[in-house]
Amino acid sequence: MLSRVLSAGVIGINGFEITVECCSWNRLPKFELVGLPDAAVKEAKNRVQSACENSGIKFPSLDIMINLAPADLKKEGTALDLAIICSILQSDGILPSTCDFSDKYLVGELSLSGELRAVRGILPMTVCARDMGRREIYVPRENAGEAAVVDGIAVYAVDDLRQLIDHFKGISRLTPENPESSCFDFTKRSVCGDFSEVRGQYKAKRALEIAAAGGHNVLMIGPPGAGKSMLAKRLPSILPDMTLSEAIETTKIHSVTGTLTKHLITERPFRSPHHTVTAVGFTGGGSNPRPGEISLAHNGILFLDELPEFPKSVTEAMRQPLEDGKVTVTRAAAKITYPSNFMLVCAMNPCKCGYFGSSDKVCTCSPAARKQYLDRISGPLLDRIDIEIELPAVSYDEISGKTQEGEPSEKIRERVNFARRFAAKRLEAIGADSGILNGSLTGSIFRRCCTPNKDGEDLMRQAFESLGLSARGHDRVLRVARTIADLEGSAEINADHIAEAIMYRSLDRKYWRR
């Protein structure tokens with residue numbers, strides 16, 4: 001008898017439908033599994049047999065052939081266990097032939113006792129089920145909350161195989177899961193610190209406000225203890241709330257990597273990999289490709305502390321994703337594209353010892369050692385950084401709290417939200433996507449949005465010639481100036497906006513003399 005049960009797999013961060021076909025014959029017992037299964041899928045033969053027996057169901061003594069279609073796509077992981085056992089039981093008649101699996105997805109790993117265990121990638125699988133027009137999906141209870149955030153499909157949480165069989169036989173029916181209302185609270189922020197806690201560093205705070213408003217990449221240079229890491233860790237507190245579509249896309253990435261800690265990610269990610277990270281761990285890949293750090297930071301912040309300590313193979317791998325907002329991993333088995341639209345925030349010392357240019361301590365680095373340290377950062381990477389900030393050492397009065405306390409993050413976030421709304425209205429007026437941030441403007445949209453007035457253009461011409469800006473550097477100055485104007489609610493980019501933007505591009509001449 002032939003039976004068909006639907007399940008799902010994951011390619012990149014997107015789900016795809018898998019049809020589990022079972023054909024059985026009344027002859028010497030045998031169990032074959034075809035359709036490009038990996039080792040974990042092949043081992044399902046042992047798991048489903050044990051789970052069946054320990055659930056009080058006699059495993060069929062038949063010649064069983066399982067095909068996983070489409071047969072030309074590799075199947076990975078343990079999520080197909082539940083569909084495989086149900087196809088076998090229906091083929092043997094234990095599940096009635098009237099049980100219709102054509103509108104259902106069955107996803108989950110079986111333990112030897114018959115209990116269901118959580119699997120990775122439930123969210124993209126559930127989205128796939130809905131988009132394919134299926135009405136129901138059955139998942140392990142641990143995954144049910146994650147799946148339930150997808151609207152338009154009934155999600156059933158299953159504890160064990162026996163419970164699912166009783167449901168399909170009509171003995172005891174399962175009820176669909178409802179999403180937790182708290183999942184969709186995009187205003188709730190975890191404790192990551194507040195800008196009011198940062199003493200001094202007013203110029204750096206202003207620069208980070210501009211970066212947050214326009215989605216610009218930032219480099220902070222300063223001696224140890226100046227507050228670079230402290231500022232970076234508080235940057236998420238002034239970023240706008242995520243939208244539902246951003247939350248879904250971000251959650252899909254974390255779901256397929258198995259790093260999901262809650263049903264829906266409602267806060268912008270903040271990733272801070274150590275400088276010992278490998279190129280594969282950073283950009284993604286591996287024998288079974290998985291997203292890397294730059295994709296886990298999608299819609300959020302990627303913070304690289306001590307930037308020169310990162311291997312060049314890692315930092316140079318960022319160049320293309322910074323421009324395109326995505327990274328393509330090509331392997332012999334597959335070519336996969338992961339989204340990687342993030343804000344890059346870097347911090348570094350001015351030299352190896354950390355005190356070059358300091359008025360408090362003497363730098364012990366030779367000019368050659370200083371050059372060798374700074375040359376770890378390439379010109380093309382610097383060209384992709386919009387804002388460069390120099391942080392001086394903090395004074396005693398600032399540390400002791402004798403100076404005025406800074407603005408709270410909430411007030412800064414209000415200005416950031418205003419600037420983004422102002423920019424969105426301008427993009428809507430010209431028929432462009434209102435979700436594009438100033439830091440990502442290109443082509444004709446860039447020319448229409450970032451053309452300065454006459455005074456601004458004159459100043460830009462002088463800066464281009466005197467500072468030796470590249471074409472990319474020229475465009476990045478204009479993008480930052482556009483954001484500064486948006487924060488003021490100005491439709492025009494004037495000379496003051498250009499002057500402030502140029503100020504944030506001056507450190508490469510001081511340190512790298514480029």
Which pair of non-hydrogen atoms, one from F59 and one from C52, has the smallest distance, and what is that distance? CD1-CB, 3.9 Å

Give a yes or no on whether the backbone of S196 and the side-chain of D194 come within a donor-acceptor separation of less than 3.5 Å. yes

Counting C-beta onward and ignoring hydrogens, is there a side-chain heavy-atom pair between I253 and L296 closer than 4.5 Å? yes

Criterion salt bridge (charged side-chain N to carboxylate O under 4.0 Å, His left out) on E267 and K262, from CA distance to verdict: CA-CA 11 Å; E267 298 178 66; K262 55 183 182 178; 3.8 Å; yes

CG on L304 to CE on M348, rounded to 0.5 Å: 12.0 Å

Determine whether I301 and P236 make a side-chain contact, defined as any pair of heavy atoms from C-beta on separated by less than 4.5 Å. yes

side-chain contact (heavy atoms from CB on, under 4.5 Å) test vs V48 passes for just one of L80, I85, I66, namely I85

Residues R120 and E76 bridged, charged N to O under 4.0 Å: no

Measuring only between side-chain heavy atoms, which start at C-beta, is T126 closer than 4.5 Å to V149? no

Please check this pair: side chain of T283 against backbone of A279, looking for a donor-acceptor N/O pair closer than 3.5 Å. yes

Are H167 and Y156 close enough that a side-chain donor and a side-chain acceptor fall under 3.5 Å? no

Taking the side chain as every heavy atom from C-beta outward, state whether I430 and C449 have any pair of such atoms under 4.5 Å apart. yes

Donor-acceptor contact present, side-chain S409 to main-chain F195, <3.5 Å: yes

Let's go through M65 and W25 carefully: what are the C-alpha distance in whole Å and the side-chain angles of both, what is the deciding distance for side chain to side chain contact (heavy atoms under 4.5 Å, CB included) to 0.1 Å, and is it a yes or a no? CA-CA 9 Å; M65 168 73 76; W25 298 272; 3.8 Å; yes

Can you see which heavy atom on A232 is nearest to which on F303, and at what distance? CB-CE1, 3.5 Å

Taking the side chain as every heavy atom from C-beta outward, state whether I165 and R162 have any pair of such atoms under 4.5 Å apart. yes

Please examine the side chains of L116 and Q163, heavy atoms only from C-beta on, and report whether any two atoms are closer than 4.5 Å. no

Look only at the side chain of D81 and the backbone of L110, and say whether a donor-acceptor pair between them is shorter than 3.5 Å. yes

Within the 3.5 Å criterion, strictly below it, is a donor on S50 or N54 matched to an acceptor on the partner's side chain? yes

Test item: side-chain donor near acceptor, T337 and T328, under 3.5 Å: yes

Without swapping roles, check the side chain of S87 against the backbone of I84 for a donor-acceptor pair under 3.5 Å. yes

Identify the two heavy atoms, one from A211 and one from V218, that lie closest to each other, and give their separation to 0.1 Å. CB-CG2, 3.3 Å

Is D100 reaching over with its side chain to a backbone N or O of S102, donor-acceptor style, under 3.5 angstrom? yes

Within a 6.0 Å radius of atom NZ on K326, are there more than 12 heavy atoms belonging to other residues, nucleotides or ligands? no

Please list all pairs meeting salt bridge (charged side-chain N to carboxylate O under 4.0 Å, His left out) that have one or both residues in residues 245-261, counting only residues at least two apart or in different chains. E246-R268

Give a yes or no on this: more than 12 heavy atoms of other residues, nucleotides or ligands lie within 6.0 Å of atom CZ of R4. no

Assess whether atom NZ of K312 is packed by more than 12 heavy atoms of other residues, nucleotides or ligands within 6.0 Å. yes

Write down the atom of E209, the atom of V416, and the distance for their closest heavy-atom approach. O-CG2, 3.9 Å

Could you tell me whether the side chain of D486 reaches within less than 4.5 Å of the side chain of R426, counting heavy atoms only? yes

Within a reach of under 6.0 Å around CZ of R135, are more than 12 heavy atoms found that belong to other residues, nucleotides or ligands? no

Heavy-atom count check: over 12 atoms from other residues, nucleotides or ligands less than 6.0 Å from L28 CG? no

Any idea which heavy atoms bring L239 and R413 closest together, and the distance? O-CD, 3.3 Å

Side chain to side chain contact (heavy atoms under 4.5 Å, CB included), that's the test. Do N26 and L62 meet it? Break it down for me. CA-CA 5 Å; N26 191 16; L62 301 169; 4.0 Å; yes

Interatomic spacing from CZ in R479 to CG in N438 - rounded to 0.5 Å: 9.5 Å

Take atom CD in E53; do more than 12 heavy atoms of anything else shown fall under 6.0 Å from it? yes

If you measure from the Lys or Arg side-chain nitrogens to the Asp or Glu carboxylate oxygens, is any gap between E428 and K425 under 4.0 Å? no

Run L322 and L381 through side chain to side chain contact (heavy atoms under 4.5 Å, CB included) and show every step you take. CA-CA 9 Å; L322 282 172; L381 179 60; 4.1 Å; yes

Hey, could you give me the CZ/CG distance between F168 and L89, rounded to the nearest 0.5 Å? 10.5 Å

Start with the C-alpha gap between I265 and N299, add the side-chain angles, then the distance that decides, and say whether side chain to side chain contact (heavy atoms under 4.5 Å, CB included) holds. CA-CA 11 Å; I265 294 177; N299 289 323; over 6 Å; no

Nearest-0.5 Å distance, CE of residue M318 to CD of residue E316: 8.0 Å

Donor-acceptor pair, distance only, cut-off 3.5 Å: does the side chain of K169 make one with the backbone of P96? no

Answer yes when E142 and R117 have at least one side-chain N-carboxylate O distance shorter than 4.0 Å, and no when they do not. no

I336 versus G12, closest heavy-atom pair with distance: CG2-CA, 3.3 Å

Given the options V119, T78, N143, V107 meets side-chain contact (heavy atoms from CB on, under 4.5 Å) only with V119

Between E407 and K205 (salt bridge meaning N to carboxylate O under 4.0 Å), is one present in this structure? no

Look at atom NZ of K411 and say whether more than 12 heavy atoms of other residues, nucleotides or ligands are closer to it than 6.0 Å. no

To the nearest 0.5 angstrom, please state how far the CE atom of M125 sits from the CD1 atom of I137. 8.0 Å

The salt bridge (charged side-chain N to carboxylate O under 4.0 Å, His left out) partners of D386 (sequence neighbours excluded) come to R476

Would you indicate whether D433, at its atom CG, is surrounded by more than 12 heavy atoms from other residues, nucleotides or ligands within a distance under 6.0 Å? yes

Would you check if L6 and K104 make a side-chain contact, meaning some heavy-atom pair closer than 4.5 Å? no

Between S7 and I18, is there a donor-acceptor pair closer than 3.5 Å when you use the side chain of the first and the backbone of the second? no

Inter-residue atom distance R271.CZ - F282.CZ, 0.5 Å rounding: 11.0 Å

Does the K75 side chain pair with the main chain of V41, one donor and one acceptor, at a distance under 3.5 Å? no

Please check: side-chain N/O of N217 versus main-chain N/O of R384, any donor-acceptor pairing under 3.5 Å? yes

